[in-house]
Amino acid sequence: MNKKGLAILMRTKMRPSSAFDPNKVLSPPSTDEAKRMAEESEEKHSIERSMKHAVTGENSISSHKLLGSDNTGREIQRVKESMHSAISLNKTDVLDDVLNDFSEGFYSLSHENRRELLLVLAKDHDLNRIQVRELMKQYLDLELPSGNKGERDIEEEGLLSTFYRMEKNLRHALKPMYEVLFERLNTHPGGLKFLSVLRADILSIIENENAASLRALDSYLKEKLITWLSPASLELHRITWDDPASLLEKIVAYEAVHPISSLLDLKRRVGAGRRCFGYLHPAIPGEPLIFIEVSLMKNIAKTIQEVLWDDPPLPECEATCALFYSISSTQPGLAGINLGKFLIKRVIELVKREMPHISTFATLSPIPGFMKWLLSKLAYQLKFDEAETSEVSDSLKESAAAAFKENILEPEEEGVLINSFRESAAGKSGMEVLWNLLKSTNYEWTKSDALLQAIKPPLMRLCARYLLKEKRRGKALDSVANFHLQNGAIIERLNWMADRSEKGLAQSGGIMVNYIYMMDSIEENAQTYFSTGHINASFDINGIVEQT
């Protein structure tokens, strides 16, 4: 084993191959490993700070921790003070030290203390609404210029100057005070990464409590991060085995779609017949914000196994398809910032330029919400059928049936399911048979070719319906589908038993989907989907849906 392999192996917690999970393909996820590394970094800073203050005799937060003193109140108070100073101070010669104190102090806080601090930041350092209201009253009292040319031009020019000055004051007053903190941290060494950690904490708090001030704080910080992480500020880097071990180590740690099982697996993913690209930012050197893995293939893959385990890979000169099989976001605090959209487009352009013989750009993606949706539908209809047999008046039953009754299965499908699963699954109706099969965790039905053929037609038909027809706020209900459709892809093909892993069966009954990116229609597709919610799909997919 060479030195690079040994370094990666020693510094990275490798995951077993049996743990690979293709159910987040091309859906930027959060990563437990990333959180672990952040926590280790925080612990390191805390220990270093504690040792420093212990030597100098300062009455610091960390030194009290080492001495076993319970000084939580004083600890958070010191961080609040440093946060306030970071916002209010104008002395540039001490500002770096103040920002260091704040970020290091924040890292040392417990989750509950971070929550308290962020609430203080959101409420006490928000915009001054009294000032805003006063300026708005003054603005509304101004007389609009008539716009007529003539003798009053000079007077109207002065009135316009008053408007401009008042509007400038309003714009300034509408900026929350915490904007200063964000702006200063963004230009501070390590500040952009810290802001990502800060937002990750905000998001975790918002999940558990509905605080309007925190939502406003998150929204403002998100908009700032979108600006600072524009494609123009990001470097597209092809990751290869020749990169430093520290960078390859991060690829192993952050890979959240198909965990890397060994050094050989890692070397294959960045070697011949493969491409791995990452977006890097100058303020976070040596650490990709997001990276994508590509397999060069002869045809669009139908199963995840043929993507991961093709050995040896196809010679690159024979490839006609670039298949995106994994994309991983490394920063939980960048959730909702669609870096993947720009990354996919850049990679398509680069691969097309380097290998003109590549004519197809596709994905092999999971359908993570399908089984949850289908089981919910089946459960609802079964309860409705049960209610129909209860002692309820015929008129109420008829009105309820008209409003809520839905025939999920076609008559032919119903009969096939009852006949095929008579011995292996209990049920009075086809829907009940299907419910009992899909909710079980042993997936016995996948081990019989006859049973697979019986269950395939209804699942494929219902899956097509789920992808094309089920909407939320006018957009695709499935999160991965929404991601690709808003990027300009079309739904090309459903693949039966493409992922036989336990999670693949639990989330989508083993079905996976190919999305296609056509260079000449990406922008048009994205705009149509954004404005109307229309989902572009192949003739075959539309044909399946028309059966429902």
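All values derive from a computational prediction rather than experimental measurement. Any value given below was found using the heavy atoms of this structure, including those in side chains, with hydrogens, waters and symmetry copies removed.
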Review point. Can you find a side-chain donor-acceptor pair between H188 and N100 that sits under 3.5 Å?
Key: yes

Exercise for review: Would you please test T303 and E306 for side chain to side chain donor-acceptor pair (under 3.5 Å) and show each step?
Suggested key: CA-CA 6 Å; T303 71; E306 64 185 284; 3.2 Å; yes

Check your understanding: What orientation do Y178 and F182 show, parallel under 30°, tilted 30 to 60°, or perpendicular over 60°?
Key -> tilted

Check your understanding: Does anything in residues 476-497 pair up under salt bridge (charged side-chain N to carboxylate O under 4.0 Å, His left out), and if so which pairs, sequence neighbours excluded?
Key -> none

Practice item. Look at the side chain of R275 and the backbone N and O of I292, then say whether any donor-acceptor pair between them is shorter than 3.5 Å. Key: no

Point to revise | Any side-chain heavy-atom pair of L266 and E255 under 4.5 Å | key: no

Check your understanding: Is there a donor-acceptor contact under 3.5 Å from the side chain of N487 to the main chain of A489?
Key -> no

Check your understanding: Is there a donor-acceptor contact under 3.5 Å from the side chain of S521 to the main chain of E524?
Key -> no

Check your understanding: Counting only heavy atoms not in R215, do more than 12 sit closer than 6.0 Å to its CZ atom?
Key -> yes

Practice item. Would you list the pairs meeting salt bridge (charged side-chain N to carboxylate O under 4.0 Å, His left out) in which at least one residue belongs to residues 319-340, sequence neighbours left out? Key: none

Exercise for review: Please state whether the rings of W496 and W445 are parallel, tilted or perpendicular, taking 30° and 60° as the class boundaries.
Suggested key: tilted

Review point. Do side-chain atoms of Y254 reach the backbone of E287 as a donor and acceptor pair under 3.5 angstrom?
Key: no

Check your understanding: Crowded around N442 CG? As in, over 12 foreign heavy atoms under 6.0 Å?
Key -> yes

Exercise for review: Run the ring-centre check on F106 versus F194 and record whether the distance is less than 6.0 Å.
Suggested key: yes

Practice item. Would you check if the side chain of K471 reaches a backbone N or O of G533 as a donor-acceptor pair within less than 3.5 Å? Key: yes

**Study point:** Greater than 12 external heavy atoms within 6.0 Å of K439's NZ
**Key:** yes

Exercise for review: Give a yes or no answer on whether the side chain of R268 reaches the backbone of R274 with a donor-acceptor pair at less than 3.5 Å.
Suggested key: no

Practice item. Using the test salt bridge (Lys or Arg N to Asp or Glu O under 4.0 Å), find all partners of K302 that sit at least two apart in sequence or belong to another chain. Key: none

Point to revise | Side-chain touch L296/M355, heavy atoms, less than 4.5 angstrom | key: yes

Check your understanding: Okay, side chain of T363, backbone of N514: is any donor-acceptor separation there less than 3.5 Å?
Key -> no

